[in-house]
Engineer: 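Sending over a structure as C-alpha cells; questions will come in a sec.
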Amino acid sequence: MEMLRFLLCAALILVGLVVLLSAAVGNWRLPGALPRMHSIAMGDSVGTLCLIMGLLLGNWDTLAKMKLLGILAFFWMSGPVCSHMLCRFQVEEEDDD
Amino acid sequence: MELYYQYLFRFSLLILAVIIVIYVVRSIVGPALADRILAVNAIGTSTILAISILSLSMQESYLLDVCLVYAMLSFLAIIVLTAFVTREKIELDESGGAGWTPDEAQILTQALRQDEGHFIDPLFDVEEGTDSDQGDGLKEKEEA
C-alpha cells in the first residue's frame with residue numbers, strides 16, 4: 001500500500017514535470033509572443049495541477065494539504081487573468097507598431 | 001521508502017532548475033516586453049513549485065505560506081506592470097480612478113520601454129479628460 005502510494009505520487013509528479021518542461025521548451029521554440037503565452041499558460045494550469053496533486057499524496061497533516069489546495073486554487077484563478085492582461089498588452093503593442 | 005521520496009524530490013528540483021534556466025535565457029533574449037514579463041512570471045511559478053517540493057522534503061509545512069505569499073506577489077506584479085500601460089487603465093484614470101498623475105505615468109512608461117528603442121505615448125488624450133473631469137466637478141459643485 002505504501003509502495004502504491006509512492007508510485008502514484010511519483011507518476012503524478014513526473015507527469016507534471018514533463019508538462020512543465022514541454023511548456024519551457026515550447027516557450028523556447030515557438031515564434032512570436034502570443035504562441036509563447038499559449039505554451040506557458042498550458043504549463044501553468046496542467047503542470048501545476050499534476051505536480052500539486054502528486055505532492056498532496058505525500059505525508060502531510062491536514063492544514064498543509066489545505067494550504068496546497070489553496071495554492072492550486074490561487075494559480076487557477078490568477079493564471080487566466082495574467083494571460084488575459086498580457087495578451088491585451090501584447091496586442092496593443094502590435095497595433096501601435 | 002523515505003529514501004525513494006528523497007530521490008524523487010531531488011530529481012524534481014533538478015528539472016525545475018533546468019526549467020528556470022530556460023526561462024531566464026528567454027527573459028534576457030525575448031524580443032517583446034510581454035515575453036520578458038511572461039518569463040519572469042513563469043520563473044515565479046517554477047520557484048513556487050520548487051518551494052512546495054522542498055517543504056514536503058523537509059517536512060516543514062510553514063514553507064507553504066511563503067509559496068502563497070510569493071504567488072500573490074507575482075500576480076500583483078503582472079497586473080501592475082500590464083495595467084498601467086494599457087489604454088483601459090488610462091481611461092479609468094480619466095474617469096477619476098486614483099492612479100498615477102500624467103507626469104508620473106509618462107516617466108514610468110518611458111522607463112519600461114527604454115529597451116524597445118522607441119517611445120510610444122500611451123497617454124493620448126489624458127489632458128482633455130482631466131479638463132472635462134474638472135469641468136464636471138465644478139458643475140456638480142454648482143448644482144449642489
Side-chain angles (χ1 to χ4, degrees), chain A residues 2-3 5-7 9-10 13-14 16-18 20-21 23-25 27-28 32-34 36-37 39-41 43-44 47-48 51-52 54-56 58-61 63-68 70-72 74-75 77-79 81-94 96-97, chain B residues 1-2 4-5 7-9 11-12 15-16 18-23 25-26 29-35 37-39 41-42 45-46 48-49 52-53 55-57 59-65 67-68 70-72 74-79 81-83 85-88 113 116 118 120 122:
Chain A
E2 195 67 20
M3 194 67 196
R5 197 167 89 166
F6 170 73
L7 284 180
C9 173
I13 287 182
L14 288 181
L17 283 177
V18 165
L20 281 172
L21 196 61
V25 172
N27 183 41
W28 183 244
L34 290 174
R36 279 179 217 135
M37 270 174 217
S39 91
I40 287 193
D44 260 4
T48 311
L51 212 144
I52 288 185
L55 288 180
L56 274 176
N59 194 12
W60 294 103
D61 50 340
L63 183 63
K65 282 181 179 171
M66 285 293 138
K67 281 181 197 166
L68 267 177
I71 291 171
L72 184 61
F74 188 79
F75 263 119
M77 283 189 289
S78 75
V81 179
C82 282
S83 297
H84 181 76
M85 297 290 285
L86 270 167
C87 278
R88 217 168 51 179
F89 173 66
Q90 175 62 23
V91 166
E92 293 204 356
E93 291 266 304
E94 283 173 0
D96 284 344
D97 290 343
Chain B
M1 187 55 64
E2 189 62 28
Y4 291 162
Y5 274 110
Y7 282 144
L8 175 67
F9 294 149
F11 179 71
S12 320
I15 300 285
L16 280 173
V18 172
I19 291 170
I20 288 177
V21 168
I22 293 176
Y23 283 137
V25 175
R26 170 54 72 192
V29 170
L33 181 57
D35 276 334
I37 298 176
L38 197 68
N41 185 29
T45 308
S46 310
I48 290 160
L49 293 177
S52 321
I53 293 173
S55 90
L56 180 52
S57 163
Q59 289 292 323
E60 305 274 13
S61 70
Y62 63 83
L63 279 174
L64 292 174
D65 298 335
C67 285
L68 212 52
Y70 203 104
M72 285 173 189
S74 138
F75 176 59
L76 190 70
I78 299 291
I79 296 302
L81 274 174
T82 53
V85 185
T86 46
R87 286 176 191 154
E88 305 284 336
R113 300 193 179 186
E116 298 289 321
H118 61 281
I120 309 158

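Order of the sequence lines fixes the chain letters, A, B, ..., with proteins taken first and strands second; residue numbering starts at 1 for each chain.
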Engineer: CZ/A:Phe74 to OG/B:Ser74 distance, rounded to the nearest 0.5 angstrom?
Structural biologist: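 It comes to 8.0 Å.
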Engineer: To the nearest 0.5 Å, what is the distance between CD1 (A:Ile13) and CD1 (B:Ile15)?
Structural biologist: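 Reported to 0.5 Å precision, the distance equals 12.0 Å.
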Engineer: Among B:Asp35, B:Leu33, B:Thr82, whose side chain to side chain contact (heavy atoms under 4.5 Å, CB included) with A:Leu86 holds?
Structural biologist: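 The passing option is B:Thr82.
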Engineer: Could you have a look at B:Ile78, B:Leu38, B:Ile48 and say which one has the most heavy-atom pairs with chain A under 4.5 angstrom?
Structural biologist: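 When all of B:Ile78, B:Leu38, B:Ile48 are compared, B:Leu38 has the most.
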Engineer: Examine whether an atom of A:Leu51 lies under 4.5 Å from a heavy atom of chain B, and if so say whether it belongs to the side chain, the backbone or both; otherwise answer neither.
Structural biologist: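 Interface part for A:Leu51: side chain.
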Engineer: Is A:Ala41 in contact with chain B via its backbone, its side chain, both, or neither, using a 4.5 Å heavy-atom distance?
Structural biologist: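 Contact with chain B is absent: no heavy atom of A:Ala41 under 4.5 Å.
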Engineer: Side chain from CB out, backbone as N, CA, C, O: work out which of these in A:Leu34 comes under 4.5 Å of a heavy atom of chain B, or both, or neither.
Structural biologist: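 For A:Leu34, there is no contact with chain B at all, as no heavy atom is under 4.5 Å.
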Engineer: If you count heavy-atom pairs under 4.5 Å between each of B:Phe75, B:Tyr62, B:Phe9 and chain A, which one has the most?
Structural biologist: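 Going by pairs under 4.5 Å, I would pick B:Phe75.
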Engineer: Once you round to the nearest 0.5 Å, how far does CG of B:Leu64 lie from CE of A:Met66?
Structural biologist: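 With rounding to 0.5 Å, CG (B:Leu64) is 12.5 Å from CE (A:Met66).
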Engineer: Identify which of B:Ala39, B:Ser12, B:Ser46 forms the greatest number of heavy-atom pairs closer than 4.5 Å to chain A.
Structural biologist: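 Result: the option with the highest number of such pairs is B:Ser12.
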Engineer: Please report the interatomic distance OG(B:Ser55) to NZ(A:Lys67), rounded to the nearest 0.5 Å.
Structural biologist: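 One gets 8.5 Å once the value is rounded to the nearest 0.5 Å.
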Engineer: Heavy-atom distances under 4.5 Å only: say whether A:Ile52 touches chain B with side chain, backbone, both or neither.
Structural biologist: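 For A:Ile52, the side chain is the part near chain B, not the backbone.
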Engineer: Atom CG in A:Asn27, atom CD1 in B:Ile19: separation rounded to 0.5 Å?
Structural biologist: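 Here the rounded value is 11.0 Å.
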Engineer: So which heavy atom on A:Ala10 is nearest to which on B:Leu8, and how close?
Structural biologist: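 Closest approach of A:Ala10 to B:Leu8, heavy atoms only: CA-CD2, 3.7 Å.
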Engineer: Between B:Asn41 and A:Cys82, is there a side-chain heavy-atom distance shorter than 4.5 Å?
Structural biologist: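 Counting from C-beta outward, A:Cys82 and B:Asn41 do come under 4.5 Å.
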Engineer: So A:Phe6 and B:Tyr5, would you call those rings parallel, tilted or perpendicular, with 30° and 60° as cut-offs?
Structural biologist: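 Rings of A:Phe6 and B:Tyr5: perpendicular, as their planes differ by over 60°.
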Engineer: To check you understand the geometry: which heavy-atom pair defines the closest contact between B:Ala42 and A:Ile40, and what is its length?
Structural biologist: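 For B:Ala42 versus A:Ile40, the nearest heavy atoms are CB-CD1, 4.0 Å.
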Engineer: Heavy-atom distances under 4.5 Å only: say whether A:Trp28 touches chain B with side chain, backbone, both or neither.
Structural biologist: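 Both backbone and side chain.
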Engineer: Looking at B:Ile79, B:Leu68, B:Val29, which makes the most heavy-atom pairs under 4.5 Å with chain A?
Structural biologist: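 The option with the most such pairs is B:Leu68.
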Engineer: At what distance, to the nearest 0.5 angstrom, does OG1 of A:Thr48 lie from CG of B:Leu49?
Structural biologist: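 So the gap between those two atoms works out to 5.0 Å.
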